[in-house]
Structures are given as structure tokens and as C-alpha cells.
Amino acid sequence: MAWFLFVDESGHDRMASPYEVLAGVAIQDRVVSDVIRRLHEAELRCFGRRYSNGPRELKGSALLKRKVFRHQDFGVDVDRADISALAHAALDDGAHADRRMLKALAQAKVSYVGSVFDICREFRCRAFASIVETDAPPTEAGGLRKDYAYLFQRFFYFLQDMGDEQGIVVFDELEKSQSHLLTHQMRQYFGEPAVGRNRARRIISEPFFVHSDLTTGIQIADLAAYVISWGFRLPQMAKPARMELSGLADQIAGLRHLAIRNLNGNPNFHVWSFAHITDLRTLPERLND
């Protein structure tokens, strides 16, 4: 048995996003087809058609932007039974969509994302994330960046807890030189003595790259990354959250994995699959500062 870790990011343009998030969603190989089928059914149920047919992508920045929630608050009546048909009409002819259509489409978008996380919970998928402060000092050292290393650490702990299973990492395709660099860095990381080689027993050291608009698992990771950046908060995370995302944030929090390890002299050390990172520098860099 194996688990696919589909990975995407949000907020790395360092523009409006409160946090940079590298998120992964783990799906067991034997249920991947079922998860994809159920998500396609949810898409049809919510929108009355495939939202993703054509140029549209099922991305958090499109489905959950503030404008969507403003449209949800339009003061017009929309019966629940009519949402799918009205959303369908809005997608087919957005230029002539009236307020009822726009409200229905907004409701369909939020409902779909909630369905995605519900389906993930039903199939025991797990979410992982490195949540980085936007002002975190960057590293000047080569090698794999800390947010990737933390993500792989949490995935490794999860695989250990699942028994004798392997992990396969799947990324949204980057620009080719970046993809080559990340592949090289991962090979180095998993080839290092002790920690890296130990984790390579569970995680295949060479990643797969796919197109996000063609790969359902990456679309789930994108939605997770967006909700974590804008809606999920740990006590030490000071940036304000968008309250309209609180329900979705609770759903994604429910997909976390808790690993308990003997670390730092504590045999009952709790390691959640979401890591908050305030400094991307290596230990020698921090000591030399």
C-alpha cells in the first residue's frame, strides 16, 4: 500500500496573503479513484455541470475570494433546490447573470469546497502544512528549504503510524528549471546520512510533477493551502483570519494528523501535521546572526 501526498502552495507571491503555505493532502492509493469520482459528483451536484470544463480551475483564489462571500449576502431569495440550476446558468452566461444567479453561484462554490473536505474526511485523507510567516528570514544556504523539510517530516511520521506503507510526493508542475532544482534538492535531502536516509525508506525521493488543472489531488491541496492561509489559526499566529472561512478552517483542522514521539526528552511529545515557521534559516545561520 502507498499514500500519495499531493502538494501545492498559497501566498508565495508575497502579496496579499497573510501566510505562505505549503500544503499537502495524503490519499491512500486504493481510494484515489473513489475520491476523484466523488469529487466529480460533488461538482455536478453543486454547479449543475463541471465547473472545471474549459478555462476555469477549482482553485481557492477563485472559489473563496471575498467577492464570493459578498455575493452570498445579496438580499434576494434563492431556494436550495434552485441553487444548482442557477449556478449552471451563471457559469454558462456570466455576462447576463442576475443577482439570484450570482448568489446561487457563490453558494455553490462554498458548498463545493465544504464537500471536498467532507469527502476527504470520509476517505480518511490527511492534511499537512508548513505555514510560514511572510517576514520569515530566508535561508542563504543551499539544499531543501525548511518548509519542505517540515512537510516531509510530518508525512514520514504519518507513514510510520500507518504501518508498512510507502509515500509518493506529487507536486504541481513548476517552471522546468525550478522542477529540476526541487528534484535535485529532494534527492540530496533523502540521501543524507541518518535522518534523510531513514525517511527515504518510507518516502520515494524523486517527486512526480503534474498539471494542476488536470489533477484532482493538486486541486484539493490548493483549496487546503488557501483555507489554511486565510482561515486557519494556531494560538501563536497573530495575523487576523477571515471569519467567513471559519467553518472550512474547522474542517481542514479535522484532517490533521497527530504523531506522538519521544523527542527532546519527552516520551509523549505531540507533533501535529501543521507546522508554523517563523524563520527559514538553518541553525548555523541563526547562530551566526
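For the numbers below, each heavy atom of this structure counts, side chains included, while hydrogens, waters and symmetry mates do not.
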Handout entry: Inter-residue atom distance Phe6.CZ - Ile218.CD1, 0.5 Å rounding
Key = 6.5 Å
Practice task
Mind checking the NZ-NZ spacing from Lys65 to Lys59? Nearest 0.5 Å is all I need.
Solution key: 12.5 Å
Problem - Salt bridge flag under 4.0 Å for residues Asp279 and Arg281 - result: yes
Fill in the blank from the handout: Applying salt bridge (charged side-chain N to carboxylate O under 4.0 Å, His left out) to Asp29 and not counting sequence neighbours gives none
Exercise for the section: Examine Leu64 and Ile83 and state if one hydrophobic cluster contains both, with Ile, Leu, Val, Met, Phe, Trp and Tyr joined whenever side-chain heavy atoms are less than 4.5 Å apart. Expected result: no
Handout entry: Shortest non-hydrogen separation from Leu144 to Ala149 and the atoms involved
Key = CD2-N, 4.0 Å
Practice task
Dump the intermediate steps for salt bridge (Lys or Arg N to Asp or Glu O under 4.0 Å) on Arg121 and Asp118, then the final yes or no.
Solution key: CA-CA 5 Å; Arg121 177 182 50 80; Asp118 278 341; 3.7 Å; yes
Exercise for the section: Measure centre to centre between the rings of Phe152 and Phe190, then say whether the value is under 6.0 Å. Expected result: yes
Exercise for the section: Would you kindly say whether His71 and Gln107 are connected by a side-chain donor-acceptor distance under 3.5 Å? Expected result: no
Practice task
May I ask whether Tyr112 and Leu86 are part of the same hydrophobic cluster, defined by side-chain heavy atoms of I, L, V, M, F, W, Y residues being less than 4.5 angstrom apart, directly or through others?
Solution key: no
Handout entry: Pairing of Arg261 and Asp161 as salt bridge, 4.0 angstrom limit
Key = yes
Practice task
Determine the sole option in Val116, Ile27, Leu39 for which the side chain to side chain contact (heavy atoms under 4.5 Å, CB included) test with Thr216 is passed.
Solution key: Leu39
Practice task
Measure from NZ or CZ of Arg99 to the centre of the six-membered ring of Phe74, then state whether that distance is under 6.0 Å and the direction lies within 45° of the axis.
Solution key: yes
Problem - Exercise: identify the closest heavy-atom pair between Gln219 and Ser212 - result: NE2-O, 3.2 Å
Problem - Pairwise distance CH2(Trp3) to SG(Cys125) - rounded to 0.5 angstrom - result: 6.5 Å
Problem - Pairs involving residues 203-224, ordered by first then second residue, that meet ring-ring contact (aromatic ring centres under 6.0 Å, His included) (sequence neighbours left out) - result: Phe171-Phe209
Exercise for the section: Considering only Ile, Leu, Val, Met, Phe, Trp and Tyr, and joining two whenever side-chain heavy atoms are under 4.5 Å apart, list the other residues clustered with Leu258. Expected result: Ile260, Trp272
Completion exercise
NE2 (His88) and CG (Leu91) are apart, to the nearest 0.5 Å, by 8.0 Å
Practice task
Report yes or no: do Met237 and Leu255 belong to one cluster of Ile/Leu/Val/Met/Phe/Trp/Tyr joined by side chain heavy-atom distances under 4.5 Å?
Solution key: yes
Practice task
Write down the atom of Phe128, the atom of Ala26, and the distance for their closest heavy-atom approach.
Solution key: CE1-CB, 3.7 Å
Problem - Non-hydrogen atoms of Arg126 and Arg256 that approach each other most closely - result: CD-O, 3.6 Å
Handout entry: Shared hydrophobic cluster for Leu174 and Val7 (ILVMFWY, side-chain gaps under 4.5 Å)
Key = yes
Problem - ILVMFWY cluster, Leu58 and Leu44 together (side-chain gap under 4.5 Å) - result: no
